[in-house]
Amino acid sequence: MAETTYIDAIRRALGEEMERDANVFLMGQDIAAFGGAFRASKGLFEKYGRLRVINTPLMESGAIGAALGAALVGKRPVLEMQFADFVSCGFNQIVNNVAKTYYRWEAPVPMVIRLPFGGGAGAGPFHSQSPEAWFAHTPGLCVVAPSTPRDALGMLKAAVRDPNPVIYLEHRFLYRREKEDLGEGDLLTPLGRAHVVREGKQVTVLSWSWTLHESLAAAEELAKEGVSVEVVDLRTLSPLDEETIFTSVRKTGKVLIVHEATITAGFGAELAARVADQCFEHLDGPVRRVAYADRPSPYNKKLEQSLLPGRERITAALRKLARY
Amino acid sequence: MAETTYIDAIRRALGEEMERDANVFLMGQDIAAFGGAFRASKGLFEKYGRLRVINTPLMESGAIGAALGAALVGKRPVLEMQFADFVSCGFNQIVNNVAKTYYRWEAPVPMVIRLPFGGGAGAGPFHSQSPEAWFAHTPGLCVVAPSTPRDALGMLKAAVRDPNPVIYLEHRFLYRREKEDLGEGDLLTPLGRAHVVREGKQVTVLSWSWTLHESLAAAEELAKEGVSVEVVDLRTLSPLDEETIFTSVRKTGKVLIVHEATITAGFGAELAARVADQCFEHLDGPVRRVAYADRPSPYNKKLEQSLLPGRERITAALRKLARY
Amino acid sequence: MAATKRSKPPPPLTPAGTDPKVLRRAHFLMRLSRAWDSRFEAMARVGRIGRWYSAVGNECTTVGTALALGANDAISTVHRDLGAVLTTYLDATRLAPALFPAGDATEWDALRPPPQSLLDTLASQVFGRRGGFTRGVDRSFHYGLVKPDWGIRHVGMISHLGSMIPVASGLALANLQDGNDRAVLGFIGEGATSQGDFHEALNLAGVMKLPLILVVENNRYAFSTPLAEQYACEKLSDRAPGYGIAGETVDGLDFDAVHAAMTRAVARARSGEGATLLECMLPRMRGHAEGDGSYELIPPAEREEYLKQDPLARFEAALLARGQADAARIKEVTEVTKAIIEDAVERALLTEEPELAEATRPVFAPGEVATAFARQSTEVTGG
Amino acid sequence: MAATKRSKPPPPLTPAGTDPKVLRRAHFLMRLSRAWDSRFEAMARVGRIGRWYSAVGNECTTVGTALALGANDAISTVHRDLGAVLTTYLDATRLAPALFPAGDATEWDALRPPPQSLLDTLASQVFGRRGGFTRGVDRSFHYGLVKPDWGIRHVGMISHLGSMIPVASGLALANLQDGNDRAVLGFIGEGATSQGDFHEALNLAGVMKLPLILVVENNRYAFSTPLAEQYACEKLSDRAPGYGIAGETVDGLDFDAVHAAMTRAVARARSGEGATLLECMLPRMRGHAEGDGSYELIPPAEREEYLKQDPLARFEAALLARGQADAARIKEVTEVTKAIIEDAVERALLTEEPELAEATRPVFAPGEVATAFARQSTEVTGG
Ligand SMILES: Cc1ncc(C[n+]2csc(CCOP(=O)(O)OP(=O)(O)O)c2C)c(N)n1
Ligand SMILES: Cc1ncc(C[n+]2csc(CCOP(=O)(O)OP(=O)(O)O)c2C)c(N)n1
Ligand SMILES: [Mg+2]
Ligand SMILES: [Mg+2]
């Protein structure tokens, strides 16, 4: 069978869900005839027309608000931000309107906001950010970040079907680099479930998205050195699958949290806090984090690379932790 | 001497800094003749006129952007959000424009954004929020949250003088409830310095703003029970005064973090993470947090009270931790 | 600081060209809205409720526009739109049968639920009680009621002004997608027109020819800020050409003018001609919120002028002048509506506070995500 | 999808009414901008640089407007405003002495730094090299240069389109506060006018009568989106009345018209009459970014039409027709500017990559906050 890339998995999910449910529709900038900046919706405009693949003017807040309105009367909008960085322009609609509606008056808000995020492309401070912590701090939002084509497909489909707003973080660096044979069928990945990608005994790594792959590479490296590392792909950041996480940490006694977002008040802090509280008696070493320094993402590729929490930094941190 | 309330301390700071430096000016909604929703600028319009106390139209993003522009050419704007909750409407200007300018092209951005925040008034989901974590996660912003009139005065003055953007969180519940005799003179509180408000031996409480007072009340309660609690007022959340925090936790061996914002990915998570990393060997118990449940703030006062992390919940958590 | 520059409204006006059925219903609903405000203003004055944002002066606009809609047209309201809410929710003919001849009931009325119970729910809502739409979790008009079976599609506000305009545009978009001819009515104060969301939503409405009518309730002040500090155009409807949509400014004291302009706008929406920006000029008859000191900032002479312009008084004067109602009828409507509101308020005040468990009720609708949320430790979920 | 509806630009135009000194400088700067683009487009085609946003077609507008400013007027630029940056930064008479008679140097030129060094810095900036304004930390036009001693007040862009309009309004506000008569020129694409920030800033400019000129570079497409999907008004300057500011739409192929309209707008700004929204209609001569496939989406006939409308070619044709330059002069300017750019680019390519330490340079300006930041553990500060 042909291999499916991460971005193709996203396109497949969109196509399958639009086919399944006539209420599903897409909104975003340049997503119609052009198929989107990353071509995630390529071909769908031709198939479903201008009322289900809606090219919006250059705006974010207005588009998110409009999607909310449509969702309140039974539609299931899937909104693409051209880059995750631009979601800040529609921040209020998400955190105050979309997120709070169900709690306030029990109206379900089935909508997905797709955020192409992350660095590694030398794209500078405004096309490289990882905004998940802002949304994880906002009650009422589900925040997911798949790391494989399989989960990109299965979680997007699950997100479209859930009656709640889902912030869907898709990593641009993985778009064409990750490939899998997915086969046929209606493949779903449950929301709210982490996944132990690699079993191990001495240290647990908690990560997601691009850094998950870097963590796996680092675990491989450590294996050569005789250290057994367990790697957990969180997949859903909020709500959190505490059970899977705590089970792993209690088993290994050590934890390294790895993410691409800047470190201070990043989502890794929440993981550290829960572990330091709920696994305290099982910890055999300090809770460590590897993440981006508290800086914007520099434009020059070498500068950016020096800050990205890649496999070298993870490997070094794992070594240190294993020796602790 | 007369006692000065927290809100009067803010007004005094604004007045003194405007008098000291002609580049300091105020912007906000209803701040001119009306003196602001909480009267923080009362009297200043009459004194300094419409170009230094600027009533803006009903907008946040445009006002923050305008303040940035003025700051880039030598002005020192102090912007009032009518309620902290509305800052989400200007979020992009803060996190992408204001915060990143110095790193990007080394242009200092001396500006202060005042955020009247917090609950306790039965004001519902949109007039009660505590947004500090979003900003603490954004490199390039200084985030402060004074808890006393003395620090409200001294930190606002320091913030106006610093060449960097400062997010100044002022708690509405404290406005008229906290009073102190401040005396005369040019009173400054250094930015980036926490303050051990109460010394103790068995547990450290890390908190700020309204919950700092609740924590002190809880510490008092524990004292009666023979438990010695140290209470640290962080005052500045970002950058963090690790030295003061770590010194205290290493001494007591136990830490309770208390804040009003919702718990998941709140700023308390960052404190827990740093402590769980840097004080691991000194910890005699799990790192605990008392904070708001992951919910919007309900309107009905009784409902709201049931969620606020007040002295009872803090006391209970301290008791448990002390016994651990 | 005075709201300068705008010209004074024209002399007294008359509801001449409107269907008598509509006039009867309008009169009842405007009086009902006014009675509600009077009751709550009184409670606010003695501190029995915390804040009250009065809709006195807005009735002609809120009722006059909402009455031009049909079942399952949608409305999106902000803080002074009680009149539109009542108009949308209530079968007036069942609420006050004595006031309406048999033929006044509409097809929509047949769909509507018993009016008394909706009114009671609304009163409980405003008090933050158990029986309200949000059962205490959110304030007054911060909720929605989307009940296609009742013909009601109402989306309430969040506090962030301007934010609901894009949402209203989305309601309109769904109509376009469904290929129906329903219209959407959104309200906004003149102050909130300064928000970016106003622009983004109206631009979308223009580009997509959305069946949206945005009514600007221009009461010349936003909190303390007079319109001269809010915008610099002559009329806010001057913004319509910039979005390629229809624009009109009407006198919010003139029921006929409001209703007729809205009727035109609804026709445009239904026929695919697109959106309308309808500005209604209102007298500022009250301060921002009761007792917040904002009214005192308006020069006394200006205030007096506004109080003289009461649209409800003008409406009734016109009814009398035209022989569309006599003094007895006006008195009766006034008293009946007052009694209805008194009753609803009294009943609501007797209802219970919400259950404490409401505070931690779910933030997610039932499903996979909600289940995962509930699996977390209760320290986090608060559950 | 074609950009429909807008009428075709009028026949060839002539820079007739403009001062010969201005015409000479304009010609040089437009050619310099074009030479820069040609060089970078070529590099983008062979993958030597990642992306290039071409300003081909914008030169008449960027240079024509920026040339109407004086020392310490401010400019705020976005991604196709190379022409305005060059116009603001460079003493053309020192950069190419052979091309300008002695009297062409202005008072502002006397303040300006040596042009070659600024040009070199700019080239290094675009490559993300050590010698650039940001020393590798941010891309091409994402920086600013505020040097009152040089008469230069330039605020560059962030990627978030629309965000710089409020900032430009703030630059204008500071002028008002200082009581000077300086103007501010901001640029924006027609796509970015859909952002809320456009609205909020222009509304403020109207209310405060800010000395701001917002130039809309309407090249009929935003990335892939044609203007009919971007807005529904006839002209974007139709939005000006909605803000109570002056509005004008001019043909961006007509240097005289652009320069004259800008000159009028600057006069308004200086005299306290307030802001202007100046829309310049441009041909879309390139795709969004080189090689991103967006140009191919435009119908071929439409593309050809745009390519025929090249404002620089028209400008030169007009110079010739009017006898304001001969073929030799045009050739010379073309060659000299090409050589200047070749040189600057070659030199920049030879410069070093930034020092790695730049990645963790301070996020705070020196002071109490910066010191506190540096005190944190290096895991956090990355320091
Ligand atoms: C985004 C936002 N900013 C500020 C406020 C604070 N605020 C509440 S009401 C109000 C004035 C509203 O004026 P207008 O829109 O004219 O409505 P009116 O009250 O006059 O009917 C303001 C500034 C808000 N609610 N939302
Ligand atoms: C807030 C925001 N949303 C989306 C984008 C992505 N984007 C970059 S350029 C562009 C099109 C810009 O069009 P226009 O403003 O017309 O300028 P042009 O490139 O045509 O000169 C878009 C959508 C962005 N940069 N900023
Ligand atoms: Mg108003
Ligand atoms: Mg364009």
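Computed from a predicted model, the values in this text were never measured in an experiment. By convention in this document, chain letters (A, B, ...) are assigned in the order of the sequence lines, proteins followed by strands, and residues within each chain are numbered from 1.
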- If one checks every heavy atom of F25(B) against chain D at 4.5 Å, the contacting part turns out to be side chain

- If you measure from the Lys or Arg side-chain nitrogens to the Asp or Glu carboxylate oxygens, is any gap between K157(B) and D186(B) under 4.0 Å? yes

- Relative to chain B, which of V155(D), T134(D), I158(D), D138(D) shows the most heavy atom pairs under 4.5 Å? I158(D)

- Message: I'd like to verify something: which residue of T236(B), V73(B), D162(B), L68(B) has the highest number of heavy-atom pairs under 4.5 Å with chain D?
- Response: D162(B)

- Roughly how far apart are Y231(D) OH and R239(D) CZ, rounded to 0.5 Å? 8.5 Å

- Message: Looking at chain D, which one of C142(B), A63(B), P108(B) has the largest number of heavy-atom pairs inside 4.5 Å, strictly under?
- Response: C142(B)

- Residue from G144(D), S169(D), G196(D) scoring the most non-hydrogen pairs under 4.5 Å with chain B is G144(D)

- chain D contacts, top residue of E106(B), E242(B), K100(B) (heavy-atom pairs, under 4.5 Å): E242(B)

- Task: Select, from G367(D), A372(D), A365(D), the one with the greatest count of heavy-atom pairs under 4.5 Å involving chain B.
- Result: A365(D)

- Note on the structure: Highest number of heavy-atom pairs under 4.5 Å with chain D among A22(B), G49(B), G192(B) belongs to G192(B)

- Query: Under the side-chain contact (heavy atoms from CB on, under 4.5 Å) criterion, do L283(B) and V249(B) qualify, and how do the steps go?
  - Reply: CA-CA 8 Å; L283(B) 284 176; V249(B) 175; 3.9 Å; yes

- Task: Give the member of T371(D), V137(D), V369(D) that has the highest number of heavy-atom pairs under 4.5 Å with chain B.
- Result: V369(D)

- Message: Is N92(B) in contact with chain D via its backbone, its side chain, both, or neither, using a 4.5 Å heavy-atom distance?
- Response: side chain

- Could you pull out the closest heavy-atom pair between A344(D) and A123(D), with the gap in Å? O-CB, 3.8 Å

- So, D120(D) versus S117(D): side-chain donor-acceptor pair below 3.5 Å or not? no

- Under 6.0 Å between ring centres, would you say that holds for H259(B) and F267(B)? no

- Heavy-atom contact with chain D under 4.5 Å, split by part of E60(B): backbone

- Message: Need one label for H142(D): side chain, backbone, both or neither, based on atoms under 4.5 Å from any heavy atom in chain B.
- Response: both

- Message: Just so I understand: if I count every heavy-atom pair under 4.5 Å between each of A168(D), G156(D), P366(D), A201(D) and chain B, which residue has the most?
- Response: P366(D)

- Message: Centre-to-centre under 6.0 Å for F86(B) and F91(B), is that the case here?
- Response: no

- Query: Thinking salt bridges, do R375(D) and E243(B) make one under a 4.0 Å N-O criterion?
  - Reply: no

- Query: For chain D, which of D241(B), V109(B), N96(B) has the most heavy-atom pairs under 4.5 Å?
  - Reply: N96(B)

- Flag this pair as yes if the NZ/CZ of R361(D) is under 6.0 angstrom from the six-membered ring centre of Y103(B) and inside a 45 degree cone about the axis; otherwise no. yes

- Note on the structure: Highest number of heavy-atom pairs under 4.5 Å with chain D among N97(B), T101(B), V166(B) belongs to N97(B)

- May I ask you to check whether H282(B) and F246(B) place their ring centres under 6.0 Å from each other? no

- Query: What part of R161(B) is in contact with chain D, defined as an atom under 4.5 angstrom from a non-hydrogen atom: side chain, backbone, both or neither?
  - Reply: neither

- A158(B), part contacting chain D, at a heavy-atom distance under 4.5 Å: side chain

- Message: Can you tell me which portion of I54(B) sits under 4.5 Å from chain D's heavy atoms? Options are side chain, backbone, both or neither.
- Response: side chain

- Message: For the interface with chain B, which of D178(D), I165(D), V184(D) has the highest count of heavy-atom pairs at distances below 4.5 Å?
- Response: D178(D)

- Query: Does one side chain, of R104(B) or Y102(B), offer a donor that lies under 3.5 Å from an acceptor on the other?
  - Reply: no

